[in-house]
Each structure stands twice: as structure tokens, then as C-alpha cells.
Amino acid sequence: MKKESPVIWLTGMSGSGKSTLASKVKSWADNAEYSISIIDGDSVRDSNKKKLGFNMVDVRTNNIRIASRCREDRAKFDLIVVPVISPYEEVRIEVRDSLKPGFHLVYLKTDVDSLKERDTKGLYAASDRGEINDLIGYSKINPYDEPCNAELVISTSNTVSLNDSFDVLLGYIKQNL
């Protein structure tokens, strides 16, 4: 029988902690001797010849490429974690359908003030200066659809510690491995 590893699809706006939590899950998995694949949305976007933008068509293309990588990796790893903005409900439903069973949508919910405060990539500041007009979930022209069917919602606002958010995610992963 073919192995179908769980896919933990971390969605949330830029700066919500997706990559940070994925990194912590990788450290835990390495210590627990679970094989893990982290498929980062930005890495997949940057690895292709055709540069993709952030409109719905390009975001869908990137998410479908990521889902394809997940299918390829499922037999090789115990766990796959995907930190990706994945802003459109319609695309997340398509990805879920292509990866079920074993697809787990985890929404990292963060308030805009916390996102602007951490702004590690400087995107919110650039948007406020008018240098970026399509920042997903922040600009009027490029919304972020909050998930309607997430298996887990984790607050990653500045009022919640990183360790608390990680503990919630890890507890969920342990239940579903």
C-alpha cells in the first residue's frame, strides 16, 4: 500500500509565522526521528523559470505546483509542512481536493497591527509608502480570504507567544501523524 503522509498546509498573511512555525516543526521532527519535507511557497515560486506575480492566476499556479510537489513527496516522508500564503478559498479547496485524504489546513490568524509590527520583509511599510500596491490581504485589490474550513486556527498575534502557537500546532500534528 502506498504511503500517504499528512500534509499540514499553513496559510496566513505575510508575517503570520508560517515559515517560523514550519522551522520549529522541522526541528521537532528531526529530534523525534520523523522524516519531514518543508515545501516553502516562496521557494517553489522562485524555482520556476516563469516568474509568477501575486494575482489570482499566478497564485493558483504556484499553489498547484506546491500540491504537485506534495504528491511527489508523500511516499518519501512521514510529514509534509507547507508554509504558503495561499490567500484564495477557491484555490485552497482545489488543493484540498487534490491532496485528500490527509490534507490539513491550518490557518495562522494574525491581526494587522501585529503583522505591521513584525514586518520582517518590510512589505507592509513598503505598501504604506505606496511602493507595493498589491500586498495580499492588505491592499484593496488583492484580498486574503479567511479559510472557511480550516482544521485548526492558531492565533499568532503578538499577544500569543511563539511557543504557545507552536504547542497548539505540535499537539495537532501528533494527533494526526
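These numbers come from the heavy atoms of this one structure, side chains and all, not from hydrogens, waters or symmetry mates.
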(request) Validate the cation-pi geometry between Arg92 and Tyr144: distance from NZ or CZ to the six-membered ring centre under 6.0 Å, angle to the ring axis within 45°. (result) yes

(request) Could you tell me the separation between the NZ atom of Lys26 and the CG atom of Asn31, rounded to the nearest 0.5 Å? (result) 10.0 Å

(request) State the CD-CZ distance between Glu4 and Arg71, to the nearest 0.5 angstrom. (result) 10.5 Å

(message) Quick check against the 3.5 Å criterion: does Asp119 have a side-chain atom that pairs as donor or acceptor with the backbone of Tyr124?
(response) yes

(request) For the residue pair Arg74 and Ile80, establish whether any side-chain heavy-atom pair is separated by less than 4.5 Å. (result) yes

(message) What I'd like to find out is whether the side chain of Cys148 reaches to under 4.5 Å of the side chain of Glu89, using heavy atoms alone.
(response) yes

(request) Nearest 0.5 Å please: distance from the OG1 atom of Thr156 over to the CG atom of Asp164. (result) 12.0 Å

(message) Nearest 0.5 angstrom please: Leu10 CG to Ile38 CD1, how far?
(response) 8.0 Å

(request) Kindly indicate whether the side chain of Val91, heavy atoms from C-beta on, has any atom under 4.5 Å from the side chain of Ile93. (result) no

For residues 169-177, please give each side-chain donor-acceptor pair under 3.5 Å, one per line with the distance, not counting sequence neighbours.
from   : atom 1 : to     : atom 2 : distance (Å)
Tyr172 : OH     : His104 : ND1    : 2.7
Asn176 : ND2    : Tyr172 : O      : 2.8

(request) Answer yes if the side chains of Ser35 and Asp78 hold a donor-acceptor pair under 3.5 Å, and no otherwise. (result) yes

(message) Would you say Ser139 and Asn142 are linked by a side-chain donor-acceptor pair, where the criterion is simply a distance under 3.5 Å?
(response) no

(request) Output yes when a side-chain donor or acceptor of Ser127 lies under 3.5 Å from a complementary backbone atom of Leu123, and no otherwise. (result) no

(request) Could you walk me through whether Tyr138 and Ser14 pass side-chain hydrogen bond (donor to acceptor under 3.5 Å, both in side chains), step by step? (result) CA-CA 10 Å; Tyr138 192 65; Ser14 180; over 6 Å; no

(message) Would the distance check show the side chain of Ser114 and the main-chain N or O of Asn158 forming a donor-acceptor pair, the cut-off being under 3.5 Å?
(response) yes

